[in-house]
Amino acid sequence: MGRIKNIIFDFGGVVITIDQPQAVRRFQQIGLKDADKKLDAYTQFGLFGELESGKINAEDFRRELSATIGKTLTMDECAFAWQGYCGELPQRNLDTLIALREQGYRLLLMSNNNPFVMGWAQSDQFDGNGHGIGDYFDALYVSYQHGIMKPDLAFFKKVLDTERILPEETLFVDDGWRNVEAARQLSIQTFCPKNGEDWTKEIYEYL
């Protein structure tokens, strides 16, 4: 191992492929006609941002989105729509996460996310083999649970402080350039693959 001891991974766009068009279609299916104007690929705003930043909970979101749409939505309908963001989960990604941990790296997940997506990700349905996302990481840092979102520097500082790790010994892997630029401000090493790109071999060039 070189100087890198810790690797912080983004979820959507890195571990799994982000499928924003599918998410837009699903929200439209449940009644949000202007979903294409309300949903962002990286950082959510408005009602969606309030959920992902922890300002409101899942029930608040369901109730407020129902009022916006003009009909009562179920929690399952909200989950169906949100999980539209989840595209492909390449086995090569999971294999690489397992290999990196076996090689001694501490793996952390840092994600702007919400309870509808994480409910699936942390279930035994996640990888198709009875394992949740938590089985692949040493710790999970999710925006709605901590009340803060990337690219806010405070989110990165919280992870560094909680883990008691040094930024120069930490690699941050994220497909969002705004998030990568924020990490660089704190001297965290960075790798910015494109959404859905195979990063499993190139990552070793940063370790």
Side-chain angles (χ1 to χ4, degrees), residues 7-27 29-30 32 35 39-44 47-66 72-102 105-150 155 159 162-163 173-176 195-196 199-200:
I7 310 175
I8 303 174
F9 284 91
D10 179 30
F11 183 65
V14 178
V15 176
I16 66 166
T17 299
I18 292 176
D19 192 341
Q20 187 187 9
Q22 176 175 256
V24 169
R25 289 193 300 272
R26 288 191 179 189
F27 272 103
Q29 285 177 38
I30 67 171
L32 187 64
L39 298 175
D40 189 83
Y42 296 100
T43 305
Q44 301 301 332
L47 178 62
F48 302 86
E50 290 180 358
L51 178 65
E52 296 214 327
S53 62
K55 292 182 173 64
I56 61 173
N57 62 28
E59 172 57 25
D60 293 332
F61 176 84
R62 184 202 64 77
R63 186 173 58 251
E64 293 190 31
L65 186 61
S66 295
T72 300
L73 297 170
T74 66
M75 294 293 271
D76 285 345
E77 286 176 313
C78 292
F80 166 78
W82 270 113
Q83 289 169 22
Y85 269 106
C86 303
E88 181 188 6
L89 175 58
Q91 185 61 44
R92 65 175 182 264
N93 292 359
L94 300 178
D95 292 342
T96 301
L97 294 175
I98 292 171
L100 288 168
R101 289 182 83 189
E102 289 176 346
Y105 296 98
R106 181 166 178 79
L107 302 193
L108 310 170
L109 186 78
M110 182 182 181
S111 177
N112 287 349
N113 222 311
N114 62 78
F116 294 108
V117 171
M118 290 307 294
W120 162 74
Q122 292 182 280
S123 77
D124 59 9
Q125 302 298 310
F126 171 66
D127 68 353
N129 291 306
H131 302 100
I133 186 68
D135 291 326
Y136 293 91
F137 288 88
D138 294 292
L140 308 178
Y141 292 87
V142 186
S143 59
Y144 77 92
Q145 295 175 332
H146 292 279
I148 196 165
M149 297 172 71
K150 298 177 292 185
F155 198 2
V159 175
T162 303
E163 293 292 321
V173 186
D174 195 299
D175 65 315
N195 174 35
W199 47 264
T200 58

Audit row: Leu140, Gln145, side chain to side chain contact (heavy atoms under 4.5 Å, CB included) steps and yes/no: CA-CA 10 Å; Leu140 308 178; Gln145 295 175 332; 5.7 Å; no

Is there a side chain to side chain contact (heavy atoms under 4.5 Å, CB included) between Glu50 and Glu64? Walk through the geometry before answering. CA-CA 11 Å; Glu50 290 180 358; Glu64 293 190 31; 4.3 Å; yes

Between Tyr144 and Lys55, is a side chain to side chain contact (heavy atoms under 4.5 Å, CB included) present by the stated rule, with each step listed? CA-CA 8 Å; Tyr144 77 92; Lys55 292 182 173 64; over 6 Å; no

Could you walk me through whether Phe137 and Val15 pass the side chain to side chain contact (heavy atoms under 4.5 Å, CB included) check? CA-CA 11 Å; Phe137 288 88; Val15 176; 4.0 Å; yes

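Annotation for Phe126 and Ala121: closest pair CB-O, 3.3 Å, computed over non-hydrogen atoms. Closest non-hydrogen pair, Gln20 versus Leu39, comes out as NE2-O, 2.8 Å. Ala139 approaches Glu163 most closely through the heavy-atom pair CB-OE2, 3.6 Å. The two residues Phe155 and Ser111 have their closest heavy-atom pair at CE2-O, 4.2 Å. When all heavy atoms of Ile56 and Leu47 are compared, the closest pair comes out as CD1-CD1, 3.5 Å.
The side-chain contact (heavy atoms from CB on, under 4.5 Å) test with Leu89 is passed by exactly one of Ile133, Leu94, Thr17: Leu94.
Residues Ile8 and Val173 are not in side-chain contact: their nearest non-hydrogen atoms beyond the backbone lie 4.5 Å or more apart. Using a 4.5 Å cut-off on side-chain heavy atoms (C-beta onward), Phe9 and Leu100 make contact. Under the 4.5 Å side-chain criterion, counting only non-hydrogen atoms from C-beta, Trp199 is not in contact with Asp175. With a 4.5 Å cut-off on side-chain heavy atoms, Arg106 and Arg101 do not count as touching. In this structure, Cys86 and Val117 have side chains that are in contact, with non-hydrogen atoms separated by less than 4.5 Å. Glu77 is not listed as a side-chain neighbour of Arg62, based on a closest heavy-atom distance of 4.5 Å or more. Leu51 has its side chain within reach of Phe116: a pair of non-hydrogen atoms, C-beta onward, lies under 4.5 Å apart.
Counting only distance, with no hydrogens or angles, the side chain of Arg92 and the backbone of Thr200 share no donor-acceptor pair below 3.5 Å. Formation of a donor-acceptor pair under 3.5 Å by the Arg26 side chain with backbone atoms of Phe80 is found in this model. With Asn195 contributing its side chain and Ile18 its backbone, the two residues share a donor-acceptor pair below 3.5 Å. When atom types are taken as modelled, the side chain of Ser53 and the backbone of Met149 share no donor-acceptor pair closer than 3.5 angstrom. Within the 3.5 Å criterion, the main-chain N or O of Asn113 finds a donor-acceptor partner in the side chain of Ser143. When atom types are taken as modelled, the side chain of Gln22 and the backbone of Gly84 share a donor-acceptor pair closer than 3.5 angstrom.
Between Tyr136 and Asp127, the side chains place a donor N or O and an acceptor N or O closer than 3.5 Å (distance only, hydrogens not considered). Side chain to side chain, Glu52 and Asn114 meet the donor-acceptor criterion of an N or O pair below 3.5 Å.
Here the CD atom belonging to Gln122 is positioned 9.0 Å from the CG atom belonging to Leu109, to the nearest 0.5 angstrom. With rounding to the nearest 0.5 Å, the separation of CD1 in Ile30 from CZ in Arg25 is 14.0 Å. A distance of 9.5 Å separates CD1 of Ile16 from CD of Gln83, quoted to the nearest 0.5 Å.
Lys150 and Asp10 are joined by a salt bridge, as a carboxylate oxygen and a charged side-chain nitrogen come within less than 4.0 angstrom of each other. Using a cut-off of 4.0 Å between Lys/Arg side-chain N and Asp/Glu carboxylate O, Arg63 and Asp60 are scored as salt-bridged.
For His131, the ring-ring contact (aromatic ring centres under 6.0 Å, His included) criterion is met by no residue, not counting sequence neighbours.
Using a 30° and 60° split on the angle between ring planes, Phe61 and Trp82 fall in the tilted class, from 30° to 60°.
If you look at Phe27 and Phe48, their ring centroids are closer than 6.0 Å.
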